[in-house]
There are 2 protein chains.
Amino acid sequence: MARLSPDDRRQAITDATLAVARRKGLGATTVRDVATEMGTSSGLIHHYFDSMDDVLATAFDEAASRDLARARTAIGDKPSAAAQLDVFIDSYAPVQSDWTMQLWLDAWAEAARRPALQQVSRRLNREWQSLVREIIERGVESGAFATDDADAAAWRLLSVLDGLALQVVAHDALITRDDVVEWTRSAAARELTKGAWHVS
Amino acid sequence: MARLSPDDRRQAITDATLAVARRKGLGATTVRDVATEMGTSSGLIHHYFDSMDDVLATAFDEAASRDLARARTAIGDKPSAAAQLDVFIDSYAPVQSDWTMQLWLDAWAEAARRPALQQVSRRLNREWQSLVREIIERGVESGAFATDDADAAAWRLLSVLDGLALQVVAHDALITRDDVVEWTRSAAARELTKGAWHVS
DNA sequence: CGCGTTGTTGGACAAGTGCGCAATATGTGC
DNA sequence: GCACATATTGCGCACTTGTCCAACAACGCG
């Protein structure tokens with residue numbers, strides 16, 4: 001294969017890893033899978049990464065960060081905190097065969113056994129929670145939302161979304177993506193509205 | 001090893017599988033691990049189970065069903081729906097190194113690749129949701145709770161608990177077990193109380 | 001052009017995987 | 001006590017895993 005610069009090659013490895021993980025899941029992705037996907041030898045991967053744990057952690061970092069950045073952008077456009085929350089919910093809710101969510105499932109399960117992956121997963125989960133917390137805080141400032149603990153509220157909102165999304169991906173057709181969106185919106189309304197609330 | 005009756009042997013295999021899974025996780029449990037744990041040969045496992053997927057599914061079924069039964073019993077004792085809900089939350093919230101929760105993480109991740117495991121995981125998840133829904137329905141009947149959709153409320157409650165519990169086990173020390181209990185109680189209060197609510 | 005740096009190869013390596021099967025041990029019904 | 005059923009063994013099979021390394025090749029600098 002063509003000789004690439006270290007940066008390009010690392011990127012190529014990460015891309016190839018994600019392409020494989022998309023098909024087989026993170027936990028089932030092997031060195032040789034990645035090499036075959038790139039059309040190179042397997043030894044090349046270890047020239048750039050210390051271990052398979054590193055490869056998977058880097059790849060997961062890339063995919064999850066990309067989703068996070070996309071959500072941030074989509075949210076940034078919206079004027080009101082309520083609209084921002086809707087966009088967040090919409091961009092997080094997975095479709096039946098959502099491969100990013102399957103990546104998260106793998107990451108959570110493998111975290112106990114792969115230190116590098118755990119670190120990445122933990123950091124990104126915290127960032128998602130921060131994103132939600134910031135939306136809530138802005139909403140409270142503008143008077144649109146009411147809560148006495150934005151941090152806890154953000155964790156609850158993110159968690160209900162994680163919990164529901166997980167059902168869609170792991171147990172396909174037990175509940176649907178529409179359920180996830182509707183039920184999370186309903187939870188957000190209960191969480192952030194003072195007194196009586198209305199769900200459309 | 002001593003010759004056991006088919007029933008006893010199947011039980012022994014299931015027990016041994018759980019003992020290994022407790023240490024290494026479901027996804028990392030192998031035929032030979034289980035055989036060594038039992039002190040028998042590996043061929044014996046395939047005499048009783050068609051595939052490793054079957055072994056893992058049966059073992060997970062056993063462990064998760066046990067937890068569910070224990071929760072049912074603990075809940076059955078309590079007089080009020082509110083007390084029942086507290087017991088449910090308390091018995092579901094995991095400690096840092098909770099191995100049953102790690103089993104769930106593995107099951108959710110592996111579900112995409114192991115059909116038998118997916119089936120068991122789906123069924124047991126549904127049963128947990130039913131348990132919560134029944135508590136809510138009894139609470140509504142007695143006037144203690146208020147909701148217009150017990151099914152959705154149960155999914156939301158179970159999901160927020162799943163989502164929070166997952167953080168404790170996968171990203172230890174990001175949030176604590178106490179956070180999980182407190183925040184879920186708070187979510188339940190918002191979910192099931194009409195008008196203003198109070199959290200102690 | 002030549003030379004050193006380094007990206008890349010391709011296979012060796014030891015360990016591990018699920019699964020299958022002939023042979024053996026053990027218990028039960030006759 | 002014999003025979004049959006079957007629980008159990010122990011190893012083989014074909015394959016996969018992560019990691020490592022000597023050799024080869026391409027590029028940039030002098």
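A quick note: this is a predicted structure, and the numbers were derived from the prediction, not measured.
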Could you tell me whether the phosphate oxygens of C:dT8, OP1 or OP2, come under 4.0 Å of any side-chain nitrogen or oxygen in A:H47?
-> no

To the nearest angstrom, how far is B:I45 atom CD1 from C:dT17 atom C1'?
-> 14 Å

Does the side chain of A:S41 get closer than 4.0 angstrom to OP1 or OP2 of C:dT9 through an N or O atom?
-> yes

To the nearest angstrom, how far is A:Y48 atom OH from D:dC20 atom C1'?
-> 17 Å

Shortest non-hydrogen contact between B:D53 and B:L117, atoms and distance = OD1-N, 3.3 Å

Where the side chain of B:M52 is defined as all heavy atoms beyond and including C-beta, which of D:dT19, C:dG7, C:dC19 is the nearest nucleotide?
-> C:dC19

Can you check whether B:R9 has a side-chain N or O nearer than 4.0 Å to OP1 or OP2 of D:dT8?
-> yes

Using atom CZ of A:R10 as one end and atom P of C:dT8 as the other, report the distance to the nearest whole Å.
-> 13 Å

Do any side-chain nitrogens or oxygens of A:H46 fall under 4.0 Å of OP1 or OP2 in D:dC20?
-> no

Report which part of the nucleic acid B:S42 touches: base, sugar-phosphate, or nothing (heavy-atom distance under 4.0 Å, all strands).
-> base

Distance, rounded to the nearest Å, where A:I13 contributes CD1 and C:dG7 contributes P | 11 Å

With under 30° as parallel and over 60° as perpendicular, where do the rings of A:F88 and A:W128 fit, or are they tilted in between?
-> tilted

With sequence neighbours left out, what residues match A:S91 under side chain to side chain contact (heavy atoms under 4.5 Å, CB included)?
-> A:A71

For C:dT17, take OP1 and OP2 only and decide whether either is under 4.0 Å from a side-chain N or O of B:T30.
-> yes

What nucleic acid atoms does A:F49 come within less than 4.0 Å of, heavy atoms only: base, sugar-phosphate, or nothing?
-> nothing

Can you find a donor-acceptor N/O pair under 3.5 angstrom joining the side chain of B:R32 to the base of C:dG16?
-> no

What nucleotide among D:dT8, C:dT8, D:dT9 has an atom nearest to a side-chain atom of A:R3?
-> C:dT8

Side-chain ion pair, A:R123 and A:D61, N-O less than 4.0 Å | yes

